[in-house]
Amino acid sequence: MPEPTTVDPHALAQIAGLPRTDRPLIICDVDEVVLHFISHLEIFMGKQGYRFTDHRYRLNGNIVGTDGTALPKDAVRALLTGFFDAHTANQRPVDGAAQALATLSNRADIVLLTNLPGRHNKPVRENLLANHGIRFPLVTNSGPKGGAVSALAAGRRQPVVFIDDSPTNLRSVQSSYARATLIQFIADERFFASADPIEGIHLKTNDWRHTCTYIERLLGSKGSISELL
Ligand SMILES: [Mg+2]
């Protein structure tokens, strides 16, 4: 288990500006959870001669060029920055996400927590989400999300639910805020199928209807995860 993660100061400043309530809280990632990401990235990088060699859950090591050589870490970072600058305005929503979040917002606060590169991209993403009926506070973070989740959860009533596709972020939250109910949501079918189970994760899914029902039951059980297991 990794060490508890400290919070990115820029994320903390955004969190400090959110209204404080004692309602249950759902902290939800955006890329590959609320908006499609992998399918857009594949098209973007394909035009530059890059492709995935497998669909295991990492981006470092499985993106290769035409000569079959894996892209080094800094080149992957540059590729992602270029992708978000080009496509933040037009990523497609994941089926059922808007409706599920709207339903759940009747009983819990919802905060979208996204590792979106480029501060200029935040209003672009907010605008796109709003156009799809997804109007919740958006916090931009960098690095593993445990510290930001811990800060968001301070003073909250249970349950606090964290939804993300990334094993790194899920493990970071596990070690930084142990009371969170953890949901691994991966919209892309190939990455979903090849994602290894993570110990301690409460639900692994690619279905927003199932996710909504699961969280509604959790909210109804006053946050005791043991009642659902
Ligand atoms: Mg994601």
Side-chain angles (χ1 to χ4, degrees), residues 1-3 5 8 10-11 28-95 97 112-122 124-125 128-129 138 140-146 148 162-175 182-201 203-208:
M1 178 118 7
E3 290 292 304
T5 322
D8 159 37
H10 182 59
C28 186
D29 180 32
V30 176
D31 289 298
E32 214 46 49
V33 178
V34 171
L35 297 175
H36 286 285
F37 163 65
I38 292 287
S39 56
H40 293 288
L41 177 64
E42 256 180 328
I43 295 168
F44 176 80
M45 69 189 201
K47 287 178 183 161
Q48 301 176 52
Y50 301 119
R51 61 184 171 83
F52 286 116
T53 49
D54 62 63
H55 302 104
R56 292 178 61 76
Y57 228 92
R58 59 201 174 115
L59 295 177
N60 287 307
N62 63 349
I63 297 178
V64 299
T66 43
D67 63 355
T69 312
L71 230 59
K73 217 172 176 175
D74 53 349
V76 171
R77 191 177 300 123
L79 182 77
L80 292 176
T81 302
F83 168 76
F84 285 112
D85 283 347
H87 288 290
T88 298
N90 56 26
Q91 289 173 256
R92 287 177 299 112
V94 173
D95 278 354
L112 302 171
L113 179 63
T114 183
N115 280 5
L116 177 68
R119 291 190 187 179
H120 53 282
N121 285 323
K122 180 180 176 180
V124 180
R125 173 155 286 183
L128 176 77
L129 290 168
L138 180 79
T140 53
N141 180 67
S142 63
K145 294 182 178 174
F162 177 67
I163 311 170
D164 205 293
D165 57 325
S166 151
T168 302
N169 288 331
L170 289 158
R171 289 200 191 95
S172 165
V173 172
Q174 226 170 10
S175 62
L182 301 172
I183 298 178
Q184 186 176 28
F185 190 111
I186 307 173
D188 185 277
E189 298 225 346
R190 301 156 303 167
F191 278 81
F192 176 74
S194 61
D196 293 328
I198 302 172
E199 202 184 326
I201 298 298
L203 175 68
K204 178 189 167 192
T205 182
N206 58 358
D207 180 338
W208 265 109

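Quick caveat: nothing in here was measured; it's all calculated off a predicted structure.
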Worksheet item: Under 4.5 Å between any side-chain heavy atoms of L113 and D164, yes or no?
Response: no

Fill in: pair I38-D165: side-chain heavy atoms closer than 4.5 Å
no

Worksheet item: So do F162 and K145 actually touch side chain to side chain, heavy atoms under 4.5 Å?
Response: yes

Practice prompt. Take T53 and N62 through the test side chain to side chain contact (heavy atoms under 4.5 Å, CB included) and record every step on the way to the result.
Written response: CA-CA 5 Å; T53 49; N62 63 349; 3.4 Å; yes

Item to complete: Verify the distance criterion only: is there a donor paired with an acceptor across the side chains of T69 and D67 at less than 3.5 Å?
Response: yes

Discussion item. Just so I know, are the side chains of L129 and L112 near enough to count as touching, which here means a heavy-atom distance under 4.5 Å?
Written reply: yes

Fill in: N115 side chain to G143 backbone, donor-acceptor under 3.5 Å
yes

Worksheet item: Does D54 CG have over 12 foreign heavy atoms under 6.0 Å away?
Response: yes

Worksheet item: For the residue pair A89 and L128, what are the closest heavy atoms and their distance?
Response: O-CD1, 3.1 Å

Fill in: Polar side-chain atom of K204 near backbone of F192 as donor-acceptor pair, under 3.5 Å
yes

Item to complete: Please check if the side chain of Q174 supplies one atom and the backbone of E199 the other of a donor-acceptor pair under 3.5 Å.
Response: yes

Item to complete: First locate atom CG of L203, then atom CD1 of I163, and finally report the distance between them rounded to the nearest 0.5 Å.
Response: 9.0 Å

Item to complete: Can you see which heavy atom on S172 is nearest to which on G146, and at what distance?
Response: OG-N, 2.7 Å

Worksheet item: Which value, rounded to the nearest 0.5 Å, describes the distance between M45 atom CE and I63 atom CD1?
Response: 4.5 Å

Discussion item. Can you confirm whether or not the ring centre of F191 sits under 6.0 Å from the ring centre of F37?
Written reply: no

Practice prompt. For A187 and V94, work out which heavy atoms get closest and say how close.
Written response: CB-CG2, 3.8 Å

Worksheet entry | Test side-chain hydrogen bond (donor to acceptor under 3.5 Å, both in side chains) applied to Q91 and R125, H36, E32, the passing residue | R125

Practice prompt. Would you check if the side chain of D8 reaches a backbone N or O of N141 as a donor-acceptor pair within less than 3.5 Å?
Written response: no

Worksheet item: Are F84 and L41 side-chain neighbours, meaning at least one heavy-atom pair lies under 4.5 Å?
Response: no

Worksheet item: Do side-chain atoms of T66 reach the backbone of G49 as a donor and acceptor pair under 3.5 angstrom?
Response: no

Discussion item. Quick check: do T114 and T140 have side-chain heavy atoms less than 4.5 Å from each other?
Written reply: yes

Item to complete: For the residue pair H120 and D85, confirm or rule out a side-chain donor-acceptor distance under 3.5 Å.
Response: yes

Discussion item. Is it the case that the side chain of H40 and the backbone of R92 share a donor-acceptor pair, with hydrogens and angles ignored and the cut-off at 3.5 Å?
Written reply: yes

Worksheet entry | Shortest non-hydrogen contact between P93 and L35, atoms and distance | CA-CD2, 3.8 Å

Worksheet, complete the sentence: Rounding to 0.5 Å, atoms CG (L79) and CZ (F44) come to a distance of 6.0 Å

Worksheet item: F52 versus E42: any side-chain heavy-atom pair under 4.5 Å?
Response: yes

Worksheet item: What's the spacing between T88 OG1 and N121 CG if we round to 0.5 Å?
Response: 4.0 Å

Worksheet item: What's the verdict on side chain to side chain contact (heavy atoms under 4.5 Å, CB included) for D29 and S166, showing C-alpha distance, side-chain angles and the deciding distance?
Response: CA-CA 9 Å; D29 180 32; S166 151; 6.0 Å; no

Discussion item. Is there a side-chain contact between L182 and I198 in this structure, where contact means two heavy atoms from C-beta onward sitting under 4.5 Å apart?
Written reply: no

Worksheet entry | Verdict with supporting geometry, W208 and V34, side chain to side chain contact (heavy atoms under 4.5 Å, CB included) | CA-CA 9 Å; W208 265 109; V34 171; 4.3 Å; yes

Worksheet item: Atom OG in S39, atom CD in E189: separation rounded to 0.5 Å?
Response: 11.5 Å

